[in-house]
J.: 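Please read through the structure below; I'll follow up with questions.
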Amino acid sequence: MSGQSIFTPFKEEELLPKEEKLEVLKKERRFSIGIPKETCLNERRTCITPDAVQVLTAAGHSIIIEEGAGKGSFFTDLQYAEAGAKIVKTAREAFQQNLILKVNPPTLEEMDYLKPCSYLVSALQINLRDKEYFQKLSEKKINAIAFEFIQDEYKQLALVRLIGEIAGTASILYASELLSLSNGLMLGGITGVRPTEVVVIGAGIVGEFATKAAIGLGASVRVFDNSLSKLRRLHTLVDSRVPTSIIDPKELGKALRRADVVIGALPRINASPVVTEDMVKMMKKGSVIIDVAIDNGKVFETSELTTMAEQYIVKHDVIHCGLPNLTSRMPRTTTKAISNFFLSYILAYDEEGGLENMLVKNNEMKQSLYMYKGRHTKKIICDRFDLTYHDINLLIF
């Protein structure tokens, strides 16, 4: 009926459309990030530059750096302090933060300083670890992320690639130094003189950049790998200028006998070495072996871990370098590269609402963990050290 009101249980203002209410993600704007001084393997690299500190402190994070942490990379405490970092006297103070950034894993003594349930981001160097390392870390209920497992949105090992690019080039530059010391040869080629022979075992990122550096110096290069797809990719990248081969012992043996420099760039986690001692014995006197992958399993049976203080040993008249931190020979460049990565990495956490939110929402972030609240979450590690494996997807969902 005209003019008669219609009965309704709602008030007029309740029937009016209202703005949509979206979930507002609570952002953890205050990470407390600890940067302790490196104490292992005469390490010179660090994870953060003063420029990165300035950006992070401007974003609301507090950076706690142990005194002298940047000295090996030629960054002073004053530079860090002026960028906004707090400089502390002891390692304990740096380790007591919510997020710890390190290049090398913590020692057993340093683990005592860690705050329970904090986040530790460092390299793992699985070949240098033992069962006690993982057990003690587990007792502290730590969330541990390894450089070796950090993936980007394209499923690429972003930090491994970054460090691998430097390591590949550095391996050739250092081999050049050692070759001139051992028998007076210049690595590369010169008009009228036979070029030096370089063998690269592994066609991944390290192998790719070692190959490019050796070609750039004019050396004759041959690459071995068991992956046809990696060999094909490398062949394309260097315009088919390098002969490649599957790792066949007979072919590899022939190449090694002619080689002046051999670069080992093939991770051998839970696998036997590719080059046997008998093969090394057949190599030329004064030739050079650089086992870049030694921290993830030896490529050469005769390789031994070396340090920045004693960078090489001689076996069967062949120079062996087994530096697990080869890029520490170029500490400032490597520190800048690592720092650039972690700057974007931490700011991404911030945008997503913190570390815990990233773990729930980001599968790549989950896969970078090898320990979550003290539980071991990487099967390859559990198999090697006889640890109880927990599927990360059942712990975080």
Side-chain angles (χ1 to χ4, degrees), residues 34-48 65-75 91 94-95 100-114 120-134 136-137 144-149 159-160 162-164 166-171 173-175 177-178 206 263-265 267-269 289-300 302-315 319-339 342 370 381:
I35 313 289
K37 185 162 59 180
E38 299 293 335
T39 58
C40 298
L41 302 169
N42 306 111
E43 183 59 66
R44 301 173 186 170
R45 300 168 295 178
T46 189
C47 287
I48 293 288
I65 298 182
E66 185 183 354
E67 190 177 61
K71 184 178 179 182
S73 300
F74 304 94
F75 295 114
F95 274 103
I100 308 302
L101 292 181
K102 276 188 100 282
V103 175
N104 289 318
T107 63
L108 295 179
E109 182 185 353
E110 288 171 336
M111 284 184 203
D112 291 332
Y113 305 150
L114 287 167
L120 168 69
V121 183
S122 74
L124 180 58
Q125 300 170 324
I126 190 171
N127 199 40
L128 312 185
R129 305 278 72 81
D130 55 24
K131 190 172 182 176
E132 187 181 3
Y133 170 85
F134 296 99
K136 187 157 186 179
L137 211 56
I145 294 171
F147 287 7
E148 294 91 327
F149 303 137
L159 193 51
V160 168
L162 192 61
I163 297 174
I166 303 170
T169 303
S171 68
L173 296 177
Y174 187 43
E177 290 181 37
L178 294 177
V206 176
I263 305 295
R268 305 295 295 163
I269 298 176
I289 283 173
I290 309 280
D291 200 343
V292 184
I294 195 166
D295 55 342
N296 284 307
K298 298 195 294 187
V299 175
F300 306 88
T302 50
S303 287
E304 288 185 20
L305 198 68
T306 59
T307 66
M308 294 301 294
E310 295 182 19
Q311 299 183 14
Y312 62 88
I313 58 171
V314 180
K315 283 188 178 181
I319 292 178
H320 291 64
C321 171
L323 280 172
N325 55 339
L326 181 63
T327 59
S328 191
R329 285 178 51 82
M330 289 81 178
R332 192 176 178 97
T333 296
T334 309
T335 293
K336 285 185 175 182
I338 294 174
S339 180
F342 278 120
Y370 64 90
I381 295 174

J.: Which atoms form the tightest heavy-atom contact between Val206 and Ala265, and what is the distance?
T.: CG1-CB, 3.6 Å

J.: Parallel under 30°, tilted from 30 to 60°, perpendicular over 60°: which one fits the rings of Phe149 and Tyr370?
T.: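 Ring orientation of Phe149 relative to Tyr370: perpendicular.
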
J.: May I ask you to check whether over 12 heavy atoms, not counting those of Tyr312, lie within 6.0 Å of atom OH?
T.: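 No, OH of Tyr312 has 12 or fewer neighbouring heavy atoms, counting only those of other groups under 6.0 Å.
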
J.: Please check if atom NZ in Lys315 has more than 12 non-hydrogen atoms from other residues, nucleotides or ligands closer than 6.0 Å.
T.: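 Counting neighbours around NZ of Lys315, more than 12 heavy atoms of other residues, nucleotides or ligands fall under 6.0 Å, so yes.
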
J.: Taking salt bridge (charged side-chain N to carboxylate O under 4.0 Å, His left out) as the test, write out the residues that go with Glu43, two or more places apart.
T.: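 Partners of Glu43 under the salt bridge (charged side-chain N to carboxylate O under 4.0 Å, His left out) test: Arg45.
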
J.: Considering all heavy atoms of both residues, which atom of Pro105 and which atom of Ser122 are nearest to each other, and what is their separation?
T.: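 Looking at all heavy atoms of both residues, the closest pair is CA-OG, 3.6 Å.
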
J.: Do Leu323 and Gln311 come close enough that some side-chain heavy atom pair is under 4.5 Å?
T.: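 Leu323 reaches Gln311 side chain to side chain.
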
J.: Just wondering, do Arg332 and Phe75 contact through their side chains at under 4.5 Å, heavy atoms?
T.: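 Yes, close enough: below the 4.5 Å cut-off.
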
J.: Would you say the side chain of Leu159 lies within less than 4.5 Å of the side chain of Phe342, judging by non-hydrogen atoms?
T.: yes

J.: What residues, two or more places apart in sequence or in another chain, satisfy side-chain contact (heavy atoms from CB on, under 4.5 Å) together with Leu128?
T.: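 So Leu128 forms a side-chain contact (heavy atoms from CB on, under 4.5 Å) with Leu41, Gln125, Asp295, Leu305, Pro324.
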
J.: In Å and rounded to the nearest 0.5 Å, what is the CG to CD1 distance from Leu124 to Ile381?
T.: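 Between Leu124 CG and Ile381 CD1, I get 5.0 Å after rounding to 0.5 Å.
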
J.: Quick one: does Glu110's side chain get under 4.5 Å of Pro36's, heavy atoms only?
T.: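 Contact flag for Glu110/Pro36 side chains = no.
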
J.: Any donor and acceptor pair, going by atom type alone, linking the side chain of Arg329 with main-chain N or O of Ala170 inside 3.5 Å?
T.: no

J.: Write down the atom of Ala167, the atom of Val292, and the distance for their closest heavy-atom approach.
T.: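 Smallest interatomic distance, heavy atoms only, reads CB-CG1, 4.1 Å.
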
J.: Rounded to the nearest 0.5 Å, what's the gap from CD1 on Ile290 to OG on Ser171? Could you check?
T.: 6.5 Å

J.: Enter the distance from Lys102:NZ to Thr39:OG1 here, rounded to the nearest 0.5 Å.
T.: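 So the gap between those two atoms works out to 5.5 Å.
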
J.: Does a side-chain heavy-atom distance below 4.5 Å link Leu114 with Leu137?
T.: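 Of all side-chain heavy-atom pairs linking Leu137 with Leu114, at least one is under 4.5 Å.
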
J.: Nearest 0.5 Å please: distance from the NZ atom of Lys136 over to the CG atom of Asp112.
T.: 3.5 Å

J.: Taking the side chain as every heavy atom from C-beta outward, state whether Cys47 and Val103 have any pair of such atoms under 4.5 Å apart.
T.: yes

J.: I'd like to check Glu304 versus Lys298 (side-chain heavy atoms, cut-off strictly below 4.5 Å). Are they in contact?
T.: no

J.: Calculate, to the nearest 0.5 Å, the distance between atoms CE and OG belonging to Met330 and Ser73 respectively.
T.: 13.0 Å

J.: Any side-chain heavy atom of Met111 within less than 4.5 Å of one from Leu108?
T.: yes

J.: Spell out, as yes or no, whether a donor-acceptor pair under 3.5 Å connects the side chain of Thr334 to the backbone of Thr327.
T.: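 Yes; at least one donor-acceptor contact below 3.5 Å.
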
J.: What distance do Arg268 atom CZ and Ser303 atom OG have between them, rounded to the nearest 0.5 Å?
T.: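 So the gap between those two atoms works out to 12.5 Å.
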
J.: Which pair of non-hydrogen atoms, one from Ser328 and one from Asn42, has the smallest distance, and what is that distance?
T.: OG-O, 4.3 Å

J.: I need the minimum non-hydrogen distance between Pro106 and Tyr133, along with the two atoms involved.
T.: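 Minimum heavy-atom separation between Pro106 and Tyr133: O-CE1, 3.6 Å.
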
J.: Looking at Ala293 and Val299, what are the two nearest heavy atoms and their distance?
T.: CB-CG2, 4.3 Å

J.: Look only at the side chain of Asp291 and the backbone of Gly322, and say whether a donor-acceptor pair between them is shorter than 3.5 Å.
T.: no

